[in-house]
S.K.: 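I have a structure here, written as structure tokens, and I will follow up with some questions on it.
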Amino acid sequence: MTSISAKRGATRLIGWIGWAGLDAIGRLALLTGSTVVFSRLLSPRDFGVTALALTIVTVAAVFVGSPFEEALAQRRHLRMMHLRAALGASWAVGAALVALSIPAGLLLADAYGAPEMRLLLPVSMASVFFSGHSDIATALARRLRRFNDVAYATLAGHVVGIALALLLALLGYGLWALIGQRLLVVVARAIILQWRIGFLILPGWSSAHVGELGRFAGYSFLARLTESVTYLVFNNLVQIFYGVSTLGLVNMAMRLIEPIRGAILGTGHNLAFSFFARANHDAARLSRLAADVVSQSAFVTAPVFVGLAAVTPALLPLVAGPGWDEAIGVAICLSLASAMAVPSGLIYTAFSANGRPEFSLMSLVAGFFAMAAVLVGASALGPIGVGLSRIAGDAVRAGVAIGLSPRHLGWSRRGRFDALSPAWLLAGLMGLVVALAGAATPALGHAAQASMIVGLGVAVYAALLAVFARPVFDVFAGHVAPLLRRR
């Protein structure tokens, strides 16, 4: 019976990962396709203006549903009234934010010389109602371990939202298409996820039930708020010190890298949290589990982003077309920053599952100051200074994850470093080899060069694993071989 249960658990986990992978690949393809269209219809200034509006909306959305998702997902005993009260509170905050966005849009239009902001901001702010509902529905789905439904709703929401946004762009409403993409995706995802999980969540009010979400909701809110404020300050500092056109270049680089980073971060956190939370009553078991999960995931995620950095000089021109060359260096920096932040981020997931979300908040604050200092100090370097600031911020976050006191999780600093460093080293060696190969083949077209770099990167990394990390290679081969035999 134990063997059968283990096999079923493994099958279910592989199914979750399969859906998560399909979601990530599908979203990347959809967002890349929309970027191909938008980059040829809109100017860097258009991207910069919409980036300012969407950054403000991203920060505002934190006040709506984000405070509740983690608290609801980890709560030991959850009643429907907790969900209804959380939704009622989020909608009340959302209504206030939409009202405030009207005068804010007028002020920003004058401040930035962008009259479009008068309407762009209030319309895009309407998405917070649906993002709040979506966050709360996601919390319920995570508790029910309905990860397939979360992935399905996310991918389907992107299909619907991006299709409608592209229609707007082709009809000549370019700025509204960029704003509409976020709004329409959020609306579609909320509706589809609510339908998939089969539980109708309606707003209610109970200060007692909201209060029971307590400390965890507070720290989760502050962590999400810090992330969003960092994004807001980042965009505004880029606009102030580098100009709105550079902000458009940065936005293009982020459209290439951030969908992959966001998908892997979200999927990894949700899956790992569900396992860590069930082991948090046994500190020794949790530390062993965290070490295994962080190490194995680092061997997967680090090469993804290092490889993405290596292929960016060929990939970004394919996606964006001519006129975006200065975005290449920024995108490379964003990829390398992600190679540090994404694997180490699961350490914060383990702390959160153990009831210590404040450490993620602490690292975000430290990373914010590092990012801002480099962003301002490196402004004379031009757009590449923006990319270096992101490397600095994410390097600090990774350093904090490794340097936190062992007493909080029973996992030594050396153990955390050893879980991450082999993957970083092997991924770095792979990236160096394929980057040199890309630089040595300038005669190839962008498409051929990108294909060559990807194929070579997979082969080189597999060889490095086989030689220097044989147990990891055997684990990966054990998962891949059955899939190949089915074909």
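Positions are given from 1 along the sequence. All heavy atoms count here, side chains included; hydrogens, waters and symmetry mates do not.
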S.K.: Under a 4.0 Å threshold between the charged nitrogen and the carboxylate oxygen, would Asp110 count as salt-bridged to Arg118?
M.R.: yes
S.K.: Answer yes or no: does atom CZ of Phe299 have more than 12 heavy-atom neighbours from other residues, nucleotides or ligands under 6.0 Å?
M.R.: yes
S.K.: Quick one: CG on Leu286 to CZ on Phe351, what's the gap to the nearest 0.5 Å?
M.R.: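 The CG atom of Leu286 sits 9.5 Å away from the CZ atom of Phe351.
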S.K.: Check whether Asn235 reaches the backbone of Tyr231 with its side chain - one donor and one acceptor, N or O, closer than 3.5 Å.
M.R.: yes
S.K.: Would you indicate whether the side-chain heavy atoms of His133 and Trp91 approach each other to under 4.5 Å?
M.R.: yes
S.K.: Quick check for you: to the nearest 0.5 Å, what is the distance between Ser101 atom OG and Ile56 atom CD1?
M.R.: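 Ser101 atom OG to Ile56 atom CD1 measures 9.5 Å (nearest 0.5 Å).
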S.K.: Using side chain to side chain contact (heavy atoms under 4.5 Å, CB included) as the criterion, point out the one residue from Ile260, Val342, Thr349, Thr301 that pairs with Leu265.
M.R.: Val342
S.K.: With a 4.5 Å heavy-atom cut-off, do Leu308 and Ile257 have their side chains touching?
M.R.: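 Sidechains of Ile257 and Leu308: in contact.
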S.K.: Check the pair Glu227 / Thr58 against side chain to side chain contact (heavy atoms under 4.5 Å, CB included), numbers first and verdict last.
M.R.: CA-CA 10 Å; Glu227 283 184 311; Thr58 300; over 6 Å; no
S.K.: Is there a side-chain contact between Val57 and Leu121 in this structure, where contact means two heavy atoms from C-beta onward sitting under 4.5 Å apart?
M.R.: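 Of all side-chain heavy-atom pairs linking Leu121 with Val57, at least one is under 4.5 Å.
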S.K.: Could you give the distance from CG (Leu346) to CZ (Phe276), rounded to the nearest 0.5 Å?
M.R.: 6.0 Å
S.K.: Can you check whether Ser90 reaches Val64 side chain to side chain, under 4.5 Å on heavy atoms?
M.R.: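 Yes; the side chains approach each other to less than 4.5 Å.
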S.K.: Evaluate the criterion side chain to side chain contact (heavy atoms under 4.5 Å, CB included) for residue pair Phe234 and Leu375; output intermediate values, then yes/no.
M.R.: CA-CA 8 Å; Phe234 173 77; Leu375 185 61; 4.0 Å; yes
S.K.: Between Arg416 and Leu404, is there a side-chain heavy-atom distance shorter than 4.5 Å?
M.R.: yes
S.K.: Where the side chain of Ser335 meets the backbone of Ala331, is there a donor-acceptor pair that is under 3.5 Å apart?
M.R.: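 Flag set: sc Ser335 to bb Ala331 pair under 3.5 Å.
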S.K.: Taking all non-hydrogen atoms of both residues, which atom of Ser124 and which atom of Leu54 are closest, and how far apart?
M.R.: CB-CD2, 4.3 Å
S.K.: So which atom in Gly161 and which in Leu184 form the shortest heavy-atom distance, rounded to 0.1 Å?
M.R.: CA-CB, 3.7 Å
S.K.: Distance only, no hydrogens: is a donor on one side chain within 3.5 Å (strictly under) of an acceptor on the other, for Arg182 and Ser131?
M.R.: no
S.K.: Set out, in order, the CA-CA distance, both residues' side-chain angles and the distance that settles side chain to side chain contact (heavy atoms under 4.5 Å, CB included) for Phe359 and Ile347, then state yes or no.
M.R.: CA-CA 10 Å; Phe359 295 125; Ile347 295 176; over 6 Å; no
S.K.: Please list, chain by chain and in numerical order, all residues satisfying salt bridge (Lys or Arg N to Asp or Glu O under 4.0 Å) with Asp149, sequence neighbours excluded.
M.R.: Arg146, Arg196
S.K.: Which value, rounded to the nearest 0.5 Å, describes the distance between Thr226 atom OG1 and Met362 atom CE?
M.R.: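 Between Thr226 OG1 and Met362 CE, I get 12.5 Å after rounding to 0.5 Å.
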S.K.: In chain order, what residues pass the ring-ring contact (aromatic ring centres under 6.0 Å, His included) check against Trp324, with sequence neighbours excluded?
M.R.: Phe47
S.K.: Would you check if Val160 and Leu164 make a side-chain contact, meaning some heavy-atom pair closer than 4.5 Å?
M.R.: yes
S.K.: Can you check whether Ala291's main-chain N or O pairs, donor with acceptor, with Ser295's side chain at less than 3.5 Å?
M.R.: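 A pair under 3.5 Å: no.
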S.K.: Taking the six-membered ring of Phe38 as reference, does the NZ or CZ atom of Arg255 fall below 6.0 Å from its centre and within a 45° cone about the axis?
M.R.: no
S.K.: Over all heavy atoms of both residues, which pair between Val238 and Val250 is shortest? Give the atoms and the distance, please.
M.R.: CG1-CG2, 4.3 Å
S.K.: Might you point out which heavy atoms bring Met125 and Leu97 nearest each other, and give the distance in Å?
M.R.: CG-O, 3.8 Å
S.K.: Write down the atom of Ala337, the atom of Ile391, and the distance for their closest heavy-atom approach.
M.R.: CB-CA, 3.8 Å
S.K.: Any chance you could lay out the side chain to side chain contact (heavy atoms under 4.5 Å, CB included) test for Val396 and Phe369, step after step, and finish with the verdict?
M.R.: CA-CA 10 Å; Val396 166; Phe369 284 109; over 6 Å; no
S.K.: Rounded to the nearest 0.5 Å, what separates atom CG in Leu193 from atom OG1 in Thr154?
M.R.: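 Here the rounded value is 7.0 Å.
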S.K.: With the side chain counted from C-beta on, respond yes when Thr246 and Phe241 share a heavy-atom pair under 4.5 Å apart, and no when they do not.
M.R.: no
S.K.: So, for Trp411 and Ala419, which heavy atoms are closest and what is the spacing to 0.1 Å?
M.R.: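 What the structure gives for the nearest pair is CZ2-CB, 3.9 Å.
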S.K.: Would a 4.5 Å heavy-atom cut-off, applied to side chains only, mark Leu120 and Val49 as touching?
M.R.: yes
S.K.: If you round to the nearest 0.5 Å, how far is OG of Ser338 from CG of Asp394?
M.R.: 6.0 Å
S.K.: Whether the side chain of Tyr348 engages the backbone of Arg397 through a donor-acceptor N/O pair (distance < 3.5 Å, no angle test) should be reported.
M.R.: yes
